[in-house]
Structure formats: C-alpha cells, structure tokens
Amino acid sequence: MKRPLNAVKKAVALSIGLLSVAAHASDTLTAEEVIGLQQVAQAQVSPSGDHVAFTRYVPRELYKEENGLHWAELYLVDDKGVERPYITGQVTVNNIQWSADGSLIYFLAKMGEDKHTSLYQIPFSGGQAQKTLGLKETDLASYALSHDGKQIAIIAKPAKDKSVKDLKKLGFMAEVYEENLENKQLFVIDLAVSDKPLTPVAWNIEDYVSDVQWSANGSQMLVKTQPTALIDDQYMKSQWHIVNVASQKVVTSFITQGKLGGAEFSHDGQYVAILGAEDMHDPAAGRLYLAETKTGKISEWLPNHLGHVSDFEWKNDKNELYFITNIDTDSVLGLIKPGSNDYQVVVKAGQFIASQLSISDSDKTIALRANTAQHPNEVYMLRGSKHKATRLSNSNTWLDDKRLAKQESISFKAKDGVEISGVLIYPLDYNKGQRYPLIMSVHGGPESHDKDGWLTNYSRPGQLGATQGYAVFYPNYRGSTGKGVDYSKLGQNDYAGKEFDDLVEFKDHLVDMGLVDSKKVGITGGSYGGYASAWAATKLTKHFAASVMFVGVTNQLSKFGTTDISNEMHLVHARSYPWDKWQWYLERSPIYWAGQSETPLLIMHGKDDPRVHPAQSMELYRYMKVQGKVVRLVYYPGEGHGNRKAAAQYDYHLRLMRWMDHYLKNDGKEMPANELDHKANLEAVKKDA
C-alpha cells in the first residue's frame with residue numbers, strides 16, 4: 001500500500017501552517033491521507049460465487065510521481081476476506097469480467113508497448129496477463145462477453161486515419177465544432193487469442209453505440225444508441241433496442257423519454273429491466289421499468305416510488321430482480337418480481353451506501369461495492385436467505401485507527417412546508433453548548449443528493465473539516481434526488497430560487513440547534529454547488545462569511561451558449577430558453593448581484609472544463625474585482641469539470657481550507673497569501689528519499 005510520506009506532512013505543516021504533522025500513527029485525518037485514500041472501483045463475483053475480482057483506485061504519490069490520473073490495480077478476494085494481488089503498480093485496469101467457466105478474468109488496459117487499449121486475460125490460478133485481442137489503430141471502449149464465452153461484443157471508434165496525424169504536423173488543424181464527430185461502433189467476433197491487431201467489420205448501425213448486453217442464450221443483444229457523440233444526445237436522446245445477432249437487425253425498440261440508464265435481459269429472455277426517466281423533464285434516470293421482449297411493451301415497475309433506483313441485476317434461477325434504490329440519505333437493496341409493484345427489502349436502510357450489483361451463476365452470492373460513514377467504497381458480499389452482509393476488502397487499514405466525528409442525517413420542514421434534509425458531521429470532540437464555525441458543502445446536479453456514507457474528499461471537507469474544528473453540513477435542497485420525481489422537479493423554472501433559499505434555512509436550523517455560530521458560516525460546492533456558492537457570495541451575502549466556488553455557474557445567459565448540455569439544461573432545469581426572458585435569466589445570475597457582495601470569494605476552475613466553461617469563473621471574478629470586492633481566481637490547467645489528478649486535488653484542498661480558516665477562524669483583514677509552498681514540500685521529499 002502506498003502511503004503519504006511523513007516528510008510531506010512535516011513540510012506542509014511548516015510551510016503552509018494548515019495541517020497537522022500527524023502520520024498514520026496519529027488518530028486524526030490529514031489532507032495528505034485523504035488525497036491518498038484508496039477505494040474499490042469495480043467488483044465482479046465469480047460464477048461459483050466464492051471469489052470477487054475487483055479493481056482498486058490508487059492515487060499518485062504527491063511530490064513523487066509524475067502528474068496523471070490515479071492507477072487502478074486488480075485484486076481477488078475470497079469469501080473469507082483474503083486478498084490476492086493480481087496486477088499492481090503503475091497500471092490502469094478497468095472493465096473486469098469473468099469467463100463463463102470462472103477460469104479467467106478479462107479486463108481492458110494498456111500494457112507494455114501498447115498504443116491502444118486492448119482486452120487482456122489473466123488466469124484465476126494466477127500468472128502473467130496475456131493480451132487477448134486489440135483493434136488496429138483504435139482503443140477498445142467497452143466490451144461484453146456472451147454467456148457461453150464464445151463471442152465478444154466490442155464497442156470502439158473507427159480506426160484512425162494516419163493522414164490526419166500527418167496533416168496536423170503540417171499545420172492543418174482546423175476544428176469544425178460539433179461536426180464530423182466519430183461514432184462508436186459495434187463489432188461482434190468470436191472470442192479467441194490473437195497476436196495481431198484485428199480489423200473486424202462493424203455492424204451496420206448508423207447511430208452512436210454506447211452500450212451492449214447479451215441475452216442468456218446469445219441469440220439477441222440489447223444495444224443502446226444515440227444520434228451523435230454529443231453528450232447532450234447521450235443525456236436526452238438515447239434508446240435501447242433488441243437486435244437479432246444472426247441477422248444484425250433490430251427486432252424491437254423500447255419507447256422511452258428523457259434520460260436513460262442501463263438495461264438487462266431476464267435469464268429466460270422474457271423481460272428486459274430498464275433504468276430510465278419518468279418523462280422528458282425528469283432530471284434523473286432513476287425510474288425502474290419492466291419491458292416485454294416480444295411486444296416491446298414497457299411500463300414503470302415501481303410507480304410513484306419516493307426514491308431513485310441506481311442499479312439492478314436479475315437472478316439467474318428465476319425471474320426476480322435485485323435492485324438498489326436511494327431513499328433520502330440511505331440506500332436499500334430490494335427484490336421484485338414481474339407482475340408485482342411491491343418489493344421485498346433484503347438489505348435495510350442504514351447498513352451501507354450500495355452500488356454495482358454482481359450476482360453469481362448459482363445466485364448464492366451477491367457482491368457489491370459499498371461505503372459507510374467510516375470508510376470509502378469496499379467490496380461486500382451478501383449470502384443466505386437473510387442476505388447477511390460481510391465486508392471483504394480493507395483498502396485503507398490505517399483508517400481503522402482514526403477517530404472520526406459523529407455523523408447523522410437531519411430533516412425538517414422549510415417555512416413553506418417542503419421537507420428538506422441533509423447530512424451533518426459534528427466537529428471532532430464536539431462539546432454540547434459550544435458554537436462552531438460551519439462549512440456548508442453543496443452538491444451539484446442538482447439532480448443528485450448526498451447520502452449518509454463516506455463524504456470526505458479533496459473538495460468536500462467532511463471529516464477533515466471536523467478534525468479542524470468545523471461542523472460540516474451537506475444539504476439536500478429541494479430539487480435533489482432521493483425523494484421521487486416530483487420532488488426532484490421542485491427547482492425547475494426557478495434557478496437559484498427556493499432551492500437556494502433552503503440553504504439559508506439549513507443555516508438557521510443549525511444555528512437554532514445551538515451548534516453553529518451564525519457569523520462564521522462558509523459555503524462551498526462544485527458545478528451546481530458552485531452556482532450555489534456564487535449565489536451565496538452575492539445575492540445571499542448577508543448570510544455567509546466566506547465562499548469557495550468550484551467550476552460554478554455565474555451567468556445563466558452565457559452559460560447556455562457555452563455548455564455541452566444546453567438541451568438538457570432546457571428540458572430538465574430551466575424549462576425555458578434565455579431568449580424567452582432575458583432579464584429573468586440575468587437576475588438569476590450571480591454577476592447581477594456582484595456589486596452588493598460582502599463575502600470573500602475564492603473561485604477555482606479547471607481550464608479544460610466542457611460542462612461549465614472556465615469563462616464563467618472569469619466573468620464573476622471581473623465583476624467583483626472591478627468593484628473592489630474580495631475575490632481570487634485560480635485555474636487548473638489540464639483539469640475539466642472537477643480535478644482528477646492528485647496534485648491538483650491536493651492544491652485545491654489546501655486553498656479551500658486556508659480560505660475558510662482565514663475568514664471563519666482568523667481576523668480575515670487581508671486575503672491569505674496567493675501561493676502554496678509546494679517547493680519546500682518537494683525539497684523535503686527529495687531530501688527524505
């Protein structure tokens with residue numbers, strides 16, 4: 001296990017003055033430890049149900065490894081929790097699947113001299129990974145093995161034209177925006193080891209293929225398509241089809257509206273379970289549908305369900321479906337049969353926050369990924385008639401020795417009677433009757449919600465904030481998911497209206513509890529949460545003493561014209577266009593209220609963000625800077641809609657907490673220094689090495 005160096009901790013504490021010098025031997029969390037947290041990314045149970053193959057994310061080591069995304073290692077764990085490393089080190093393994101007989105584990109990776117992502121296999125008994133197949137001049141995006149293991153469906157872009165690279169070197173680099181996009185195509189071939197790159201013939205499907213699933217007998221496939229490669233089309237125009245494998249023709253297309261998730265055949269092929277939206281204006285694909293394969297008839301399986309379904313998996317011995325639904329701040333595992341709208345709860349709320357179901361051929365074992373308030377995602381196994389849960393992996397053994405603050409869900413009615421809820425983390429060593437500074441961490445979306453599980457990462461202070469004497473609150477304002485479709489639509493056609501007024505009510509509630517000092521409340525969030533943070537620093541400035549905005553919206557007029565999801569914004573959020581009401585859009589933009597701001601605002605943004613253009617941050621920065629407001633703008637080159645690389649995440653967290661400390665704990669008369677002493681940390685690491 002790679003762990004943060006003590007030298008890094010000492011250097012940060014000396015040069016930045018923000019963090020404890022504690023190593024893993026300390027009983028409280030540090031920023032370096034949070035950035036270095038490992039967690040399970042994917043878990044797949046073996047056909048026998050006795051083992052689980054899983055990948056584990058391993059962040060790059062600060063000040064030591066070159067800049068890049070986290071590594072993803074491959075492990076195997078048995079039903080006793082004994083782990084075996086299979087592929088570790090500087091590797092990125094993803095999309096693991098078992099062979100039909102359980103003798104092999106397949107995965108996608110670039111290994112050795114690979115120029116493109118290829119399919120590999122490694123024996124269950126151990127040994128070296130072997131390349132199974134690769135495509136000529138293009139990456140394998142995803143794949144699905146037939147249930148008998150004889151065929152493989154591959155999704156990939158067409159092979160790259162070499163002349164494009166040659167012309168680019170000669171200066172011909174003109175980009176025609178959103179035209180001449182490359183669709184991902186579907187290939188189906190016999191599964192066999194091939195030493196040479198393959199050039200199979202793509203199926204004749206005009207649209208972009210984004211997903212594929214086999215029927216149990218291999219005669220049909222579920223194929224998901226969208227008109228183009230645009231993310232807006234993926235969100236709003238996707239469709240599932242049943243395709244006959246022999247003829248390569250569409251047999252049935254399922255008529256759905258709006259956002260669309262996964263789909264899977266029942267074992268006997270009679271039904272298809274589909275995750276979708278209730279209608280075109282549903283913000284999330286959280287409705288469970290049951291479709292008939294012969295007729296194409298589709299109906300909502302859990303009508304009026306006051307939660308959001310996130311994943312499902314059919315049993316293999318009979319037509320019953322396991323599914324995970326997120327209800328308020330908890331998750332529940334249910335079991336449902338066709339013909340019934342009632343479900344059996346097999347794992348009650350409060351045990352863990354679950355995702356990624358995987359069921360063995362014998363149905364004796366369910367594997368899943370889950371987190372709790374005490375740890376990030378790990379491998380869990382469910383067995384027996386009572387579905388007893390056993391945690392199998394422990395990716396951060398040192399975390400077991402840390403003291404973590406009390407965490408709980410809270411819920412109350414806003415002034416207008418709407419129920420709002422969230423998750424509260426108390427300050428570590430909380431003393432009843434004492435008031436504390438608060439950091440409100442607002443989720444994005446807004447079609448999302450925070451659950452009562454592991455909530456600490458580089459941009460969301462959580463337990464780290466608690467160790468530094470803060471109360472940290474995660475508000476599920478109206479318009480959040482987890483309470484049904486109608487609730488998730490409450491913020492539509494009301495940008496920054498009652499949804500953000502809820503934030504003030506949350507603050508007042510925590511003050512009324514006797515927990516929070518009303519004059520020491522900070523707010524932060526990314527994306528839509530960044531919009532909330534900008535709104536709090538401008539329109540709601542009287543209520544917040546500090547704000548940190550991340551990849552946030554500041555001008556709803558220019559946001560529509562610079563995002564890659566304009567259609568989605570119109571259909572499931574604004575429910576209007578800017579030209580329908582220019583002034584309204586302007587007044588729902590933080591730039592409009594910048595002149596009245598009294599809240600120091602730190603703005604941070606990835607320079608390559610396609611979702612919320614970096615200019616959104618520049619606009620608010622300029623509006624505030626010119627008017628003499630307290631504001632700072634930090635850009636992260638090479639990062640998009642959220643920081644994905646360890647160094648950028650670490651830098652972000654240090655700046656976030658320094659800003660909060662300065663304005664919520666210290667006098668806050670002058671802005672804190674604009675630089676972090678990374679040079680001293682680097683030199684300390686080199687000296688220690």
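Side-chain atoms are counted along with the backbone in the values below, which use heavy atoms only and exclude waters and symmetry mates.
A perpendicular orientation is assigned to the rings of F323 and H305, their planes being inclined by more than 60° (bins at 30° and 60°). Using cut-offs of 30° and 60° on the angle between ring planes, the pair F550 and Y652 is tilted.
Of the N and O atoms on the side chains of E65 and W71, at least one donor lies less than 3.5 Å from an acceptor on the other residue. Of the N and O atoms on the side chains of Y426 and E408, at least one donor lies less than 3.5 Å from an acceptor on the other residue. There is a side-chain donor-acceptor pair under 3.5 Å between K483 and S421. Using a 3.5 Å distance cut-off with no hydrogens or angles, the side chains of H653 and S459 do not pair a donor with an acceptor. With 3.5 Å as the limit, one finds no donor-acceptor pair spanning the side chains of N95 and Q42. For T481 and H449, the side-chain atoms include at least one donor-acceptor pair closer than 3.5 Å. The closest side-chain donor-acceptor pair between N217 and S215 falls under 3.5 angstrom. With hydrogens and angles left out, the side-chain atoms of Y289 and R287 include no donor and acceptor closer than 3.5 Å.
Checked by atom type and distance alone, the side chain of Q356 pairs as donor or acceptor with a backbone atom of A41 at under 3.5 Å. Side-chain N or O atoms of N643 include one that pairs as donor or acceptor with a backbone N or O of A648 at under 3.5 Å. Panel note: side chain N396, backbone W398; no donor-acceptor pair is recorded below 3.5 Å. At distances below 3.5 Å, at least one donor-acceptor pair connects side-chain atoms of D139 with backbone N or O atoms of T117. For the pair T372 (side chain) and Q374 (backbone), a donor-acceptor distance under 3.5 Å is present. Not a single donor-acceptor pair under 3.5 Å links the side chain of T365 to the backbone N or O of S360. Of the possible polar contacts, none joining the Q220 side chain to the W214 backbone as a donor-acceptor pair under 3.5 Å is found. At distances below 3.5 Å, not a single donor-acceptor pair connects side-chain atoms of N341 with backbone N or O atoms of L302. Between the side chain of S331 and the backbone N or O of F352, at least one donor-acceptor pair lies under 3.5 Å. Between the side chain of T467 and the main chain of L464, a donor-acceptor pair closer than 3.5 Å is present.
Annotation: cation-pi pair R56/Y75 present, NZ/CZ under 6.0 Å from the ring centroid and within 45° of its normal. Geometric assessment of R644 against the ring of Y636 yields a negative cation-pi assignment under the 6.0 Å and 45° thresholds.
Looking only at side-chain heavy atoms (C-beta outward), Q39 and S395 stay at 4.5 Å or farther from each other. In this structure, V347 and Y380 have side chains that are not in contact, with every pair of non-hydrogen atoms separated by 4.5 Å or more. Side-chain contact between Y106 and L145: present, with at least one pair of heavy atoms (C-beta onward) separated by less than 4.5 Å. Side-chain contact between L76 and F124 is present, with heavy atoms from C-beta onward closer than 4.5 Å. For the pair Y271 and L321, the minimum side-chain heavy-atom distance is 4.5 Å or more. Side-chain contact between P461 and L656 is present, with heavy atoms from C-beta onward closer than 4.5 Å.
Aromatic ring centroids of Y57 and H70 lie under 6.0 Å apart.
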Step-by-step salt bridge (Lys or Arg N to Asp or Glu O under 4.0 Å) determination, D363 to K315: CA-CA 6 Å; D363 287 325; K315 292 182 70 173; 5.2 Å; no
Stepwise salt bridge (Lys or Arg N to Asp or Glu O under 4.0 Å) test for R460 and D450: CA-CA 11 Å; R460 315 201 72 189; D450 285 314; 2.7 Å; yes
Residues H147, F265; criterion ring-ring contact (aromatic ring centres under 6.0 Å, His included); working and verdict: CA-CA 12 Å; H147 290 262; F265 282 107; 9.0 Å; no
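Summarising the geometry, atom CE belonging to M440 is positioned 6.5 Å from atom CZ belonging to F473; distances are rounded to the nearest 0.5 Å. Here T325 contributes atom OG1 and D330 contributes atom CG; the two are 11.0 Å apart, rounded to the nearest 0.5 Å. Between atom CZ of residue R369 and atom CD1 of residue I353 there is a gap of 12.0 Å, rounded to the nearest 0.5 Å. If you take CG on N316 and NE2 on H267, they are separated by 5.5 Å, rounding to the nearest 0.5 Å. One finds the CD1 atom of I105 at 9.5 Å from the NE2 atom of H51 (value rounded to the nearest 0.5 Å). Rounding to the nearest 0.5 angstrom, the gap separating the CG atom in D400 from the NZ atom in K402 is 11.0 Å.
The shortest non-hydrogen separation linking Y343 to I336 is CB-CB, 4.0 Å. When all heavy atoms of F54 and V379 are compared, the pair lying nearest together is CG-CG2, 3.7 Å.
Under the side-chain contact (heavy atoms from CB on, under 4.5 Å) criterion, N431 pairs with Q434, Y436, not counting sequence neighbours. With sequence neighbours excluded, the residues that form a side-chain hydrogen bond (donor to acceptor under 3.5 Å, both in side chains) with S46 are S48.
Residues in residues 373-396 take part in these salt bridge (Lys or Arg N to Asp or Glu O under 4.0 Å) pairs, two or more places apart or across chains: D50-R383, D79-R383, E378-R391.
Salt bridge annotation for K131-D114: present, with a cationic side-chain nitrogen under 4.0 angstrom from a carboxylate oxygen.
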